[in-house]
Amino acid sequence: MTLLYAEVIGDPISHSKSPAIHKFWLDRLGIAADYRRAHVKAEDLAAYIQSRRADPDWRGCNVTIPHKIAVMDHVSDPGGVRESIGAMNTIARAEDGALFGTNTDAGGFFAPIAGLDLEGRPVAVIGAGGAARAVLFALSKANVGPVTVLNRSPLKAMGLLAAFGLKGAAKPLDAPLPQAALLVNASALGMTGQPPLDLDLSPLADDAVVYDIVYSPLETGLLKAADARGLETVDGLEMLIGQAAIAFSLFFGVAPPEGCEDELKALLTQ
């Protein structure tokens with residue numbers, strides 16, 4: 001008997017907690033399926049998609065660094081993700097067997113801060129890659145105030161602000177932070193194996209929220225600095241679980257089980 005399965009792809013990929021999340025849900029629901037890691041380098045992406053397209057047991061994959069933009073060239077885009085967010089983090093198989101891409105990052109990112117009053121308030125975002133695209137797309141729907149994007153390439157950051165119709169500024173990584181009400185690290189900086197993210201948080205508003213989408217380590221240097229300043233924080237598990245829940249439904253046709261989020265978080269932080 002062959003098993004249905006889904007995967008998470010990226011380079012690097014060994015740090016991914018996605019298999020633990022999806023296997024936890026599969027086990028709870030009694031579904032005989034699997035979820036795996038697949039280390040896919042940029043030059044192997046097209047061949048990977050081609051091989052999985054031919055495997056009817058493959059239900060799709062989550063997509064992480066560095067493939068969220070490149071993968072759009074290999075699957076259909078029924079939801080117009082290329083024109084809206086401009087990055088895909090999920091590929092799934094439709095009923096007719098065709099592969100399509102979507103983005104669950106935007107919904108996963110925004111869920112933990114949906115209760116914040118950000119209307120008209122300044123926001124700062126670190127990074128201008130695929131994850132930053134989802135973050136900026138979500139912020140563009142929340143009527144936030146000016147958005148400052150800090151990135152190695154300010155020109156690329158400026159292009160993203162324009163793409164999402166956001167007013168603000170694009171600055172280099174070492175520029176001072178604005179007096180923001182929300183700071184989001186949407187880059188890989190601070191992740192295990194990546195350079196640290198050293199920021200002076202003193203310009204942030206006293207009631208600011210610091211949100212780091214990095215989840216390995218769970219308590220990043222940025223979140224430690226925010227705690228030291230007495231600021232509210234949101235860690236990367238919130239977004240990871242939120243986007244995974246949407247993807248799980250696409251892969252396996254059912255929603256994740258309810259009422260076990262605390263147990264899942266405990267498992268992921270062991």
Side-chain angles (χ1 to χ4, degrees), residues 64-70 72 81-89 103 105-114 116-191 194-205 207-215 220-223 225-226 231-236 238-239 243:
T64 188
I65 295 171
H67 303 312
K68 292 186 180 187
I69 296 174
M72 292 190 294
V81 172
R82 181 185 288 274
E83 289 74 26
S84 58
I85 297 176
M88 290 177 175
N89 79 316
N103 191 301
D105 275 339
F109 160 74
F110 196 69
I113 58 171
L116 294 181
D117 182 10
L118 294 172
E119 187 168 355
R121 302 196 69 189
V123 174
V125 175
I126 311 296
R133 285 177 172 272
V135 168
L136 292 170
F137 174 80
L139 292 174
S140 73
K141 305 300 182 184
N143 300 315
V144 298
V147 177
T148 301
V149 180
L150 292 88
N151 190 54
R152 289 191 184 95
S153 168
L155 189 62
K156 183 178 181 182
M158 189 177 298
L160 285 190
L161 287 172
F164 295 108
L166 290 163
K167 295 180 179 179
K171 298 183 178 182
L173 274 174
D174 57 359
L177 292 174
Q179 192 179 2
L182 173 68
L183 169 63
V184 182
N185 176 30
S187 76
L189 295 173
M191 187 171 80
Q194 298 292 322
L197 178 59
D198 295 319
L199 298 174
D200 176 10
L201 303 185
S202 61
L204 297 181
D207 63 344
V209 175
V210 176
Y211 191 150
D212 198 336
I213 72 166
V214 170
Y215 59 83
T220 61
L222 176 62
L223 295 186
L231 301 176
E232 185 178 345
T233 62
V234 180
D235 64 50
E238 297 286 350
M239 178 173 173
Q243 64 82 23

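Note that these values count all heavy atoms, side chains included, but never hydrogens, waters or copies made by symmetry.
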Using only atom types and a distance under 3.5 Å, with no angle test, would you say the side chain of Asn143 pairs donor to acceptor with the backbone of Glu119? no
Does Pro66 have any side-chain contact (heavy atoms from CB on, under 4.5 Å) partners at least two apart in sequence or in another chain, and if so, which? Asp11
Distance-minimising heavy-atom pair for Ala208 and Ala180: CB-O, 3.4 Å
Of all residues at least two apart in sequence or in a different chain, which pass the side-chain contact (heavy atoms from CB on, under 4.5 Å) check with Gln194? Ala188, Met191
For residues 154-164, please give each side-chain donor-acceptor pair under 3.5 Å, one per line with the distance, not counting sequence neighbours.
none

Report the residues that fulfil salt bridge (charged side-chain N to carboxylate O under 4.0 Å, His left out) with Asp207, sequence neighbours left out, ordered by chain and then residue number. Arg121
Please find the pair of heavy atoms, one from Ala87 and one from Ile69, that lie closest to each other, and give the distance. CB-CG1, 4.3 Å
Taking all heavy atoms of Val149 and all of Gly127, pick out the closest pair and write down the distance. CG1-O, 3.4 Å
Among residues at least two apart in sequence or on other chains, which ones pass side chain to side chain donor-acceptor pair (under 3.5 Å) with Asn89? Thr104, Asp105, Gln243
Is the shortest heavy-atom distance from the side chain of Leu189 to the side chain of Thr220 under 4.5 Å? no
Partners passing side-chain contact (heavy atoms from CB on, under 4.5 Å) against Ala226 (at least two apart in sequence or in another chain): Leu201, Val210, Leu231, Thr233
Do the non-hydrogen side-chain atoms of Leu182 and Ile113 ever get within less than 4.5 Å of each other? yes
Any side-chain heavy-atom pair from Leu223 and Asp235 closer than 4.5 angstrom? yes
Between atom CG of Leu136 and atom NZ of Lys141, what is the distance when rounded to the nearest 0.5 Å? 12.5 Å
Can you list every salt bridge (charged side-chain N to carboxylate O under 4.0 Å, His left out) pair that touches residues 122-133, not counting sequence neighbours? none
Value for CD1 (Ile126) from CG (Leu183), rounded to nearest 0.5 Å, stands at 5.5 Å
Where Ala132 and Ala186 come nearest, the two heavy atoms and their spacing: CA-CB, 3.7 Å
Is the backbone N or O of Pro112 less than 3.5 Å from a side-chain atom of Tyr211, with the two atoms forming a donor-acceptor pair by type? no
Partner residues of Ala142 under the side-chain contact (heavy atoms from CB on, under 4.5 Å) criterion, sequence neighbours left out: Phe110, Val144
Residue set satisfying ring-ring contact (aromatic ring centres under 6.0 Å, His included) with Phe137, at least two apart, ordered chain then number -> none
side-chain hydrogen bond (donor to acceptor under 3.5 Å, both in side chains) contacts in which one or both residues fall within residues 167-185, not counting sequence neighbours: Asn185-Ser187, Asn185-Asp212
List for me each residue that meets salt bridge (charged side-chain N to carboxylate O under 4.0 Å, His left out) alongside Arg82, sequence neighbours excluded, and say none if there are none. Asp73
Could you tell me which residues satisfy side chain to side chain donor-acceptor pair (under 3.5 Å) with Asp200, sequence neighbours excluded, listed by chain and number? Ser202
If you round to the nearest 0.5 Å, how far is CG of Asn103 from CE of Met88? 8.5 Å
Decide yes or no on side-chain contact (heavy atoms from CB on, under 4.5 Å) for Val125 and Thr148, but give the supporting numbers first. CA-CA 6 Å; Val125 175; Thr148 301; over 6 Å; no
Which one of Val184, Leu166, Val135 satisfies the side chain to side chain contact (heavy atoms under 4.5 Å, CB included) criterion with Val147? Leu166
